Protein chains: 2
Amino acid sequence: MPATLRDVAERANVSIRTVSNVVSGYEHVSERMRTRVQKAIDELDYRPNLVARTLRTGRTGVLALVVPEIDVPYFSQLARDVINSAGELGYRVMIDQTGHDHQRERELLTGGDRTMLFDGILFSPLVTKAELREMNGESGMPLVLLGEHDFDGRFDHVAIDNVQAAYDAVRHLVLSGRTRIGALGTQPAEDYATPQQRSAGYRQALADSGLDFEPALTRPAAHYSRAEGYTAARELLAANEAPDAIFCYSDLLAMGAMRAVFDAGLRVPDDIAIVGIDDIEEGRFSRPSLSTVSLDTPFIAAQAVSRIVERIDDPDREAVEVVAPHRLIVRESSAPGRPRT
Amino acid sequence: MPATLRDVAERANVSIRTVSNVVSGYEHVSERMRTRVQKAIDELDYRPNLVARTLRTGRTGVLALVVPEIDVPYFSQLARDVINSAGELGYRVMIDQTGHDHQRERELLTGGDRTMLFDGILFSPLVTKAELREMNGESGMPLVLLGEHDFDGRFDHVAIDNVQAAYDAVRHLVLSGRTRIGALGTQPAEDYATPQQRSAGYRQALADSGLDFEPALTRPAAHYSRAEGYTAARELLAANEAPDAIFCYSDLLAMGAMRAVFDAGLRVPDDIAIVGIDDIEEGRFSRPSLSTVSLDTPFIAAQAVSRIVERIDDPDREAVEVVAPHRLIVRESSAPGRPRT
DNA sequence: TTGTACGCGTTATCAG
DNA sequence: CTGATAACGCGTACAA
């Protein structure tokens, strides 16, 4: 039976209000009063009831982080950083998985049946812009978009410059002497923004390098998993004119693709160079190690948390767009020359 | 401005009580009444305020999952399954990271300064049994231990048979003809239970196979990361008489160890066979693919969630121990014969 | 079967 | 600077 404010007040012979003031660090409390109350607090091992506080203030101190799947390395890394950043600002984090389910995303965003459990949402969405636009009007819950959505001024939003990131990766392959550069992870038109932007960067880099865009060198992938990367890469290799390099739209796709290349009896990077994007730790220890575009997840997380907290404090603040830095990291999978392995 | 029970009652011209009955699915409500109230609920888009309900009932509908680091593949996989299992029973999940910090673990367990935010804790601890014993008396918060702690009857607890799992892995290496089998991930005496149990299984398997236990073939690791696996394996290889096989106490250690073997100019499994434990997806696509002991995380998660919910409903129920199944999966890293790569 | 009224533990308003 | 007291929105004992 935990002690309440009233218990403390009784014990210290002061009013409940005074205790509350002490607990919440109110300024104008005499030193004598403060120590007297603090003594009672310690003796009773009083801890504020956060639920009651929430009911009163309307703030829960909890943020929701919504991702497709928490066990995708990029998202678990992001979650780690988000939890840490949130903790520093006094927030806790609840994690929801959409499992690639649009309906579930929509529920989460419109409040579903269990609203008011958190103060804001950090959302790494699959939905298209159109859906998003249509959705969030109703709930009005503070929302920050994570990942790479187009910015239309309605939502706070932190992401890297995807077009440029893809461009950098492909350009690097060109400069390494590759001429038949495939892309793995494209998606049907008018769907999600991320693959669209990466494809744009891919095509732009090809064009700037005097290379033709060949649709036969691209393969779609729905979930950006190792398994999808594996099967898609196999298809690519089985085609008439196989690529001599593959730009994968995620590191996980790249891990699958690498394995597919080896199973096909070819070598990375000798026969086929591979570059991913995300910079998950797995790629630093894989054989060969994976060239990739590194995203600064601690930065992304810190920005996202700051933005959402700002918006919670001021719902009418204008939406901002944060562009996180990225940088190409060349490792063995696209290194010129032959690696030892 | 969300609608409240009172608003609905007013609109439907009934008492607040009746609305409450309808919302919580109370049985004895006339059909006419129910539809009338439901109509008002829909019109006002009423959603129960969970915080107020919590204040009243003392139940938050939230579970805490406490792990060292969420971006360790085993834990993120576990988190995925826990979130899914919890969702099926109407619970949400909050994730806390201890970051290998005993102090933080203790805080979380004793309630810290923010108790009452969840109904129970699923705890994957680093702490030793002694610490645990000393800690939980005070808070009385429902607690289920995940992972591989000794069972002392005081806590609910779901884990695999670690001794047997290690035994199986080492025995497999023996049967593959290895004679100098190292262990990677040991820890100083009297610390954590998991490595202790795995060491026990390791030594038992050696003994049963007529092999001597050689301390020089073992290496400690503090965090079970790829990086630690890498450096520890390097040390092992640099020793006078290198091992011809290494049993790693986690898949992540194994991934680092494999890379170290290659960087030393040796081959897996030809020169050194490697077996891990956890069965993370990464090991299915690595080169070579990783032999491992597979833990059934969906089962573990489902059991853990069931146990905690039971305990929430009946705090005085006797503690139970659930032993989750495990099975050895032999892949390329310990396969007899030479792999293609 | 339904209505009334109180309390869960805080914070906030209004006096003093 | 401190005290009394009204909400916050819901569940439920008690009454009808």
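Small disclaimer: the values here were computed from a predicted structure and weren't measured. So that the names make sense, note that chain A is the first sequence line, chain B the second, and so on, each numbered from 1.
Atoms CZ (A/Arg47) and P (C/dC8) sit 20 Å apart, rounded to a whole Å. One atom, CD of A/Glu31, and another, C1' of D/dC1, lie 13 Å apart when rounded to the nearest Å. Atom CZ in B/Arg36 sits about 16 Å away from atom P in C/dT1, given to the nearest Å. At whole-Å resolution of the value, CD1 in B/Ile41 and C1' in D/dG9 are 14 Å apart. As a whole-Å value, the separation of A/Asp7 CG from C/dG7 P is 15 Å. One atom, CZ of A/Arg56, and another, P of D/dC8, lie 7 Å apart when rounded to the nearest Å. When rounded to the nearest whole Å, the span between CG of A/Leu5 and P of D/dG3 equals 13 Å. One can place CE of A/Met33 at 11 Å from C1' of D/dG3, the figure rounded to the nearest angstrom.
For B/Glu31, the side chain to side chain contact (heavy atoms under 4.5 Å, CB included) criterion is met by B/Arg34, B/Thr35, not counting sequence neighbours. The side chain to side chain contact (heavy atoms under 4.5 Å, CB included) check on A/Asp313 picks up A/Arg59, A/Val309, with sequence neighbours excluded. Taking B/Arg11 as the reference, B/Glu43 meet the side-chain hydrogen bond (donor to acceptor under 3.5 Å, both in side chains) condition, with sequence neighbours excluded. Remark: B/Asp314 pairs with B/Asp316, B/Arg317 by the side chain to side chain contact (heavy atoms under 4.5 Å, CB included) rule, at least two apart or across chains. Taking the salt bridge (Lys or Arg N to Asp or Glu O under 4.0 Å) definition, one finds that B/Arg311 meets it with B/Asp156, sequence neighbours left out. With sequence neighbours left out, the side chain to side chain contact (heavy atoms under 4.5 Å, CB included) criterion links A/Ala302 to A/Ser85.
B/Val23 comes within 4.0 angstrom of no nucleic acid atom, judged by non-hydrogen atoms across all strands. Note on A/Val14: only backbone sugar-phosphate atoms sit closer than 4.0 angstrom, heavy atoms only; bases stay farther off. In this structure, A/Thr4 reaches the sugar-phosphate backbone alone: every heavy-atom distance under 4.0 Å involves primed, P, OP1 or OP2 atoms, never a base.
Between D/dG3 and A/Thr18, a contact under 4.0 Å exists linking OP1 or OP2 to a side-chain N or O. Between A/Ser15 and the phosphate of D/dG3, there is a side-chain N or O to OP1/OP2 separation shorter than 4.0 Å.
Annotation: side chain of B/Met94 is not in contact with side chain of A/Val93 (no heavy-atom distance under 4.5 Å). Between B/Val37 and B/Val14, some side-chain heavy-atom pair lies under the 4.5 Å cut-off.
A distance of 5.0 Å separates CG of B/Leu122 from CD1 of B/Ile308, quoted to the nearest 0.5 Å.
Note on the helix from C/dT1-D/dA16 to C/dG16-D/dC1: angle between the axes of the first and last five pairs equals 40°, rounded to 10 degrees.
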Distances under 3.5 Å between protein N/O atoms and the N/O atoms of nucleotides 13-15 of chain C, please, pair by pair.
residue: C/dT13; atom: O4; partner: A/Arg17; partner atom: NH1; Å: 2.6

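The residue among A/Ile16 and A/Ser30 whose nearest nucleotide of DNA chain D is located toward the 5' end is A/Ser30.
With hydrogens and angles left out, the side chain of A/Arg53 and the base of C/dT10 share no donor-acceptor pair within 3.5 Å.
When distances are taken from the side chain of B/Leu55 to each of D/dC8, D/dG11, C/dC8, the shortest belongs to C/dC8.
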Under 3.5 Å, which donor-acceptor pairs link side chains of residues 63-72 of chain B to any protein atom two or more places apart or in another chain?
residue: B/Glu69; atom: OE1; partner: B/His100; partner atom: NE2; Å: 3.1
residue: B/Asp71; atom: OD2; partner: A/Arg80; partner atom: NH1; Å: 2.7

